[in-house]
Amino acid sequence: MEDDDGLITEVPAHLRGQSAPPPELRREPAEQHLEPALEPALDAPPADHGRPTERTQVRAGTTHAGGVLRQPTGATVPAVWCPAGHFSPPDAPYCRCCGEPVPAQQPLRVPRPPLGALHLPEGQRVLLDRPAVLGRRPLPLPDGDPWPHLVELPADLTHLSRNHVAVELDGWHVLARDLGSSGGTALHAPGRPPIRLRPHDPHVLEPGQSLMLSGDFTVAFRAATT
Ligand SMILES: [Zn+2]
């Protein structure tokens, strides 16, 4: 399906499971704005390009879950899809969602799907459909766009900074960036010694890895699932 600008907005049902799209779809449109989302907003106001009027807050002390904002951010990525219709990076041999092999095909540019989720210690989940800023009193970053999830961590953990760490999205990559926090942020990967993040330097976060804030608050990153 295409909109007026000729952009692919979803995988047509008849194409799912095929190894290659028909000739008219074998192109990757140049970077440009996409209006419709693959998953239309359920309860969101008309799209305002990812800058809602209200803060998105995820308080670690409650069961409120992230991902309540469903407006498209305007970000697009080149993608291939599996027989079930999940999008993956063009070089992915297996679907990042269901693990099925991805048939050979030409990538198409699509609205970026959520890249996974951050999992907090008490079970809260922050969907990475947009960036996130975590801290005791998080605020959007001056250069931040689109509006991020503001993940408010417990105020009684005074060793956490107000703006402690940002989790940003760059194409298909998830990046963690310590915001000059006083307690620091470490990246933990299974089977490897922890890496202390240099303040303000982005670091790629892989599924299965976790961030340790000030030595005792863990935020795990898990890949997208079906
Ligand atoms: Zn899949």
Side-chain angles (χ1 to χ4, degrees), residues 1-3 6-44 47 50 65-120 123-132 146 149 167-176 189-191 204-210 219-226:
M1 182 177 298
E2 299 188 15
D3 63 11
L7 284 172
I8 306 303
T9 56
E10 64 181 21
V11 177
H14 71 278
L15 290 179
R16 296 179 183 174
Q18 294 188 6
S19 59
E24 64 269 25
L25 296 181
R26 287 180 190 167
R27 70 186 187 277
E28 183 177 317
E31 183 90 42
Q32 49 188 306
H33 181 71
L34 277 175
E35 271 305 328
L38 280 176
E39 300 175 32
L42 299 177
D43 55 358
V68 295
L69 292 175
R70 303 295 293 173
Q71 296 96 332
T73 65
T76 62
V77 288
V80 292
W81 61 89
C82 78
H86 305 130
F87 290 118
S88 293
D91 56 353
Y94 299 99
C95 174
R96 70 190 183 98
C97 295
C98 67
E100 289 295 313
V102 175
Q105 61 194 272
Q106 286 296 316
L108 297 176
R109 185 162 284 275
V110 301
R112 180 172 55 204
L115 298 186
L118 301 176
H119 293 251
L120 304 186
Q124 302 92 341
R125 191 177 70 107
V126 181
L127 187 69
L128 291 177
D129 56 346
R130 61 186 60 244
H149 291 295
V167 176
E168 298 164 322
L169 311 181
D170 180 13
W172 285 100
H173 296 294
V174 177
L175 307 173
V204 174
L205 194 57
E206 302 284 355
Q209 297 181 339
S210 58
V219 178
F221 169 48
R222 295 180 193 161
T225 62
T226 55

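Numbers here are sequence positions counted from 1. Only this structure's heavy atoms are used, side chains among them; waters, hydrogens and symmetry mates stay out. Whatever order the structure lists them in is the order used to number ligands and atoms, beginning at 1.
The backbone N or O of Trp81 lies less than 3.5 Å from a partner atom in the side chain of Gln105, making a donor-acceptor pair. Within the 3.5 Å criterion, the main-chain N or O of Thr76 finds a donor-acceptor partner in the side chain of Arg109.
To the nearest 10 degrees, the angle centred on the Zn ion (ligand 1) between SG in Cys98 and SG in Cys82 reads 110°.
When the Zn ion (ligand 1) is compared with the N/O/S atoms of His86, atom ND1 turns out nearest.
Among the atoms of Cys97, no N, O or S atom falls under 2.8 Å of the Zn ion (ligand 1).
The side-chain hydrogen bond (donor to acceptor under 3.5 Å, both in side chains) search around Glu168 returns Arg177, not counting sequence neighbours.
Considering every non-hydrogen atom in both Tyr94 and Ser88, the closest pair reads O-OG, 4.2 Å.
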